[in-house]
Amino acid sequence: MAQAPVAQAPAENPYDTAVAQFNAVAERIGVDEGLREVLRHCKREFTVNFPVQMDDGSIRVFTGYRVHHNEARGPVKGGLRYAPYVSIDEVRALAMWMTWKCAVAGLPYGGAKGGVVVDPRALSIRELERLTRRFTAEIVMLIGPDEDVPAPDMGTDAQIMAWIMDTYSMMHGHSTPAVVTGKPVPIGGSSGRYEATGRGVMFITQEACRESGRTLEGATVAVQGFGNVGSVAAKLLAENGAKIVAISDARGGIYNERGVGDIGAMMERAPARGFLPDVPGSTRITNEELLEMPVDILIPAAIEGQIHAGNADRVRAKMVIEAANGPTTLEGDRIMEGNGVYVVPDIVANSGGVIVSYFEWVQDLQSFFWEEDEVNQRLERIIKKSFREVASLRNGGGMTLRESAYTLAVQRVVEATRVRGIFP
Ligand code: GLU
């Protein structure tokens, strides 16, 4: 099975980053101390250690997590990650970021995330299926269309979502497509979901260029990551006039000032999803070098903590579009702000995935499916509106885009909590 490459563990504890980001906004907008304490914590944290029979008959125990951060605005939503470095703190951070991401986009969801500590590439397809089905059975009491709706993330894909949907359906005695999103289209997946995060990154880049008086036509772009998000974003940006001069996978990248070539063709020739094919005529660069290339736009589309105190000063891009979750540490952010880099935060820039997940859930609940054009148009409308709301709030208050996005998100979650009240 095609899997995204698995990069190394993030350098900084992502949960510390997530809490500090929240604390700063809560302080500025004056969130009540008790409510701050609520939102700093994840509401529900579930750890499972479960056995899987391997192809050779041996039994291995795997550890998995499913974390719900907050459900004030609706059922919780968020991806499921398979990677060897997954930790409870990483999953907590990702769950909290999902709460803000859904709130900024105006989706009726709270935030969740899950993960299994495993290198999916090291398993056979049958082992991966058994692991997924057993993990689903272990968390079945947490998930459901009205409770918690998982989706793909790093190391997981539509096939894995199909096994989750099937396992959940078998255990409930009827087909329940709305229990996960990012499924294959024939079993209730949405047209356009595979490309949605990358397409959203493209729409956001267009808006960010427009807002900052730049032009996407001819702009040079470096993309870190060739997984679902990086590859699709690069392809669509190129189709919309940008020049992709650098791109990488977990092993390293390539640079060519004239453009690295036809991204769509590279996706077809990729040895596996997430891996770059051989591209003659380009210079090999490391992932660290890619972040420091002299480009107009830098798109980190891999993992957390890539732009940090040690390298943020060397980021030469004028604009950073955070396609990954949490690619910038707090210190990295401060340094780039000081250097006048225009940063579009992850909770806005990569929200295209969960926006189309929302469309998929709505389509499943109604058993009424939309054409891809309609999906893409609605995505464009919602994600650009969300960007404009964030940008206009910032213009009024001298904030960074990250600060205004967090302000909007936290205000929406606080408001939902306030009107609902604290039970009992
Ligand atoms: N894993 C994706 C994210 O981080 C998608 C989540 C979803 O669609 O629920 O945004």
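All residue numbers refer to positions in the sequence shown, counting from 1.
- For Glu322 and Arg402, the salt-bridge test passes: some basic side-chain N is under 4.0 Å from an acidic carboxylate O.
- Residues Lys101 and Asp346 are not paired through a salt bridge, judged by the lack of any N-O separation under 4.0 Å between the basic side chain and the carboxylate.
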(request) Applying side-chain contact (heavy atoms from CB on, under 4.5 Å), run through Thr181 and Met161 and close with a yes or a no. (result) CA-CA 7 Å; Thr181 57; Met161 298 306 116; over 6 Å; no

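- Ring geometry for Tyr358 against Tyr109 counts as perpendicular: the plane angle is over 60°, on a 0 to 90° scale with 30° as the lower cut.
- No donor-acceptor distance shorter than 3.5 angstrom exists from the side chain of Lys113 to the backbone of Arg66, with no hydrogens or angles considered.
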(request) Verify salt bridge (Lys or Arg N to Asp or Glu O under 4.0 Å) between Glu337 and Arg334, making sure each step is shown before the conclusion. (result) CA-CA 5 Å; Glu337 189 188 342; Arg334 259 192 294 270; over 6 Å; no

(request) Mind running side-chain contact (heavy atoms from CB on, under 4.5 Å) on Tyr255 and Met293 for me, showing each step along the way? (result) CA-CA 9 Å; Tyr255 176 77; Met293 286 312 196; 3.8 Å; yes

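- Thr63 and Asn49 are linked by a side-chain donor-acceptor pair at a separation below 3.5 angstrom, with hydrogens and angles left out of the test.
- Under a 4.0 Å N-O distance rule, the pair Asp296/Lys243 does not qualify as a salt bridge.
- Comment: Glu415 does not engage Arg412 in a salt bridge, judged by the lack of any side-chain N to carboxylate O separation of less than 4.0 angstrom.
- Glu127 has no carboxylate O lying under 4.0 Å from a charged side-chain N of Arg134, or vice versa, which leaves the two without a salt bridge.
- Note on Glu211 versus Arg394: salt bridge recorded, some NZ/NE/NH1/NH2 to OD/OE distance being below 4.0 Å.
- At a cut-off of 3.5 Å, with distance as the only test, a side-chain donor of Ser58 or Asp56 sits close to an acceptor on the other residue.
- Note that OG1 of Thr176 and CE of Met170 are 9.5 Å apart. Values are rounded to the nearest 0.5 Å.
- Looking only at side-chain heavy atoms (C-beta outward), Ser357 and Arg193 come within less than 4.5 Å of each other.
- The aromatic rings of His174 and His172 stand perpendicular to each other, their planes meeting at an angle above 60°, with 30° marking the opposite boundary.
- The closest side-chain heavy-atom distance from Val344 to Phe387 is below 4.5 Å.
- Under the 4.0 Å criterion applied to side-chain N and carboxylate O atoms, Arg210 and Glu207 are assigned as salt-bridge partners.
- Between Lys43 and Glu71, at least one side-chain N (NZ, or NE/NH1/NH2) sits under 4.0 Å from a carboxylate O, which counts as a salt bridge.
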(request) Could you walk me through whether Gln224 and Ser248 pass side-chain hydrogen bond (donor to acceptor under 3.5 Å, both in side chains), step by step? (result) CA-CA 5 Å; Gln224 186 196 39; Ser248 66; 5.3 Å; no

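- Interatomic distance, Tyr65 OH to Phe135 CZ, rounded to the nearest 0.5 Å: 10.0 Å.
- Note: Trp100 and Phe22 have parallel aromatic rings, judged against thresholds of 30 and 60 degrees for the angle between ring planes.
- Looking only at side-chain heavy atoms (C-beta outward), Glu403 and Thr400 come within less than 4.5 Å of each other.
- In this structure, CE in Met98 is found 8.5 Å from CG in Leu107, a value given to the nearest 0.5 Å.
- At a threshold of 4.5 Å between non-hydrogen side-chain atoms, the residues Asp55 and Arg130 count as touching.
- A 6.0 Å sphere centred on CD of Glu371 holds no more than 12 heavy atoms belonging to other residues, nucleotides or ligands.
- No side-chain donor from either of Tyr15 and Glu90 sits under 3.5 Å from a side-chain acceptor of the other.
- Inter-residue side-chain proximity for Pro108 and Arg73 is flagged as unmet; no heavy-atom pair is nearer than 4.5 Å.
- Proximity of Leu39 to Met96: side-chain heavy atoms (C-beta onward) are nowhere separated by under 4.5 Å.
- Arg92 and Asp16 are not joined by a salt bridge, as no carboxylate oxygen comes within less than 4.0 angstrom of a charged side-chain nitrogen.
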(message) If you apply the rule side-chain contact (heavy atoms from CB on, under 4.5 Å), what do you find for Val76 with Glu147, and how did you get there?
(response) CA-CA 6 Å; Val76 291; Glu147 289 92 22; over 6 Å; no

(request) Please test Ile247 against Phe226 for side-chain contact (heavy atoms from CB on, under 4.5 Å), starting from the C-alpha separation and ending with a verdict. (result) CA-CA 7 Å; Ile247 192 155; Phe226 198 65; 3.5 Å; yes

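- For the atom pair Ile143 CD1 and Glu138 CD, the distance stands at 11.5 Å (nearest 0.5 Å).
- Inter-residue side-chain proximity for Leu216 and Thr205 is flagged as met; some heavy-atom pair is nearer than 4.5 Å.
- Using a 4.0 Å cut-off between a side-chain N of Lys or Arg and a carboxylate O of Asp or Glu, Glu380 and Lys384 qualify as a salt bridge.
- Between atom CD of residue Gln206 and atom CD1 of residue Ile383 there is a gap of 11.0 Å, rounded to the nearest 0.5 Å.
- In this structure, Ala219 and Ile297 approach most closely via the heavy-atom pair CB-CD1, 4.1 Å.
- In this structure, the side chain of Ser190 does not engage the main chain of Glu360 through any donor-acceptor pair within 3.5 Å.
- You'll find the side chain of Glu304 reaches within 4.5 Å of the side chain of Trp97, heavy atoms only.
- In summary, Asp148 and Lys77 do not engage in a salt bridge, as defined by a charged side-chain N under 4.0 Å from a carboxylate O.
- Between the side chains of Ser212 and Arg214, at least one donor N or O lies within less than 3.5 Å of an accepting N or O.
- The distance from atom OG of Ser404 to atom CG of Asn395, rounded to the nearest 0.5 Å, is 8.0 Å.
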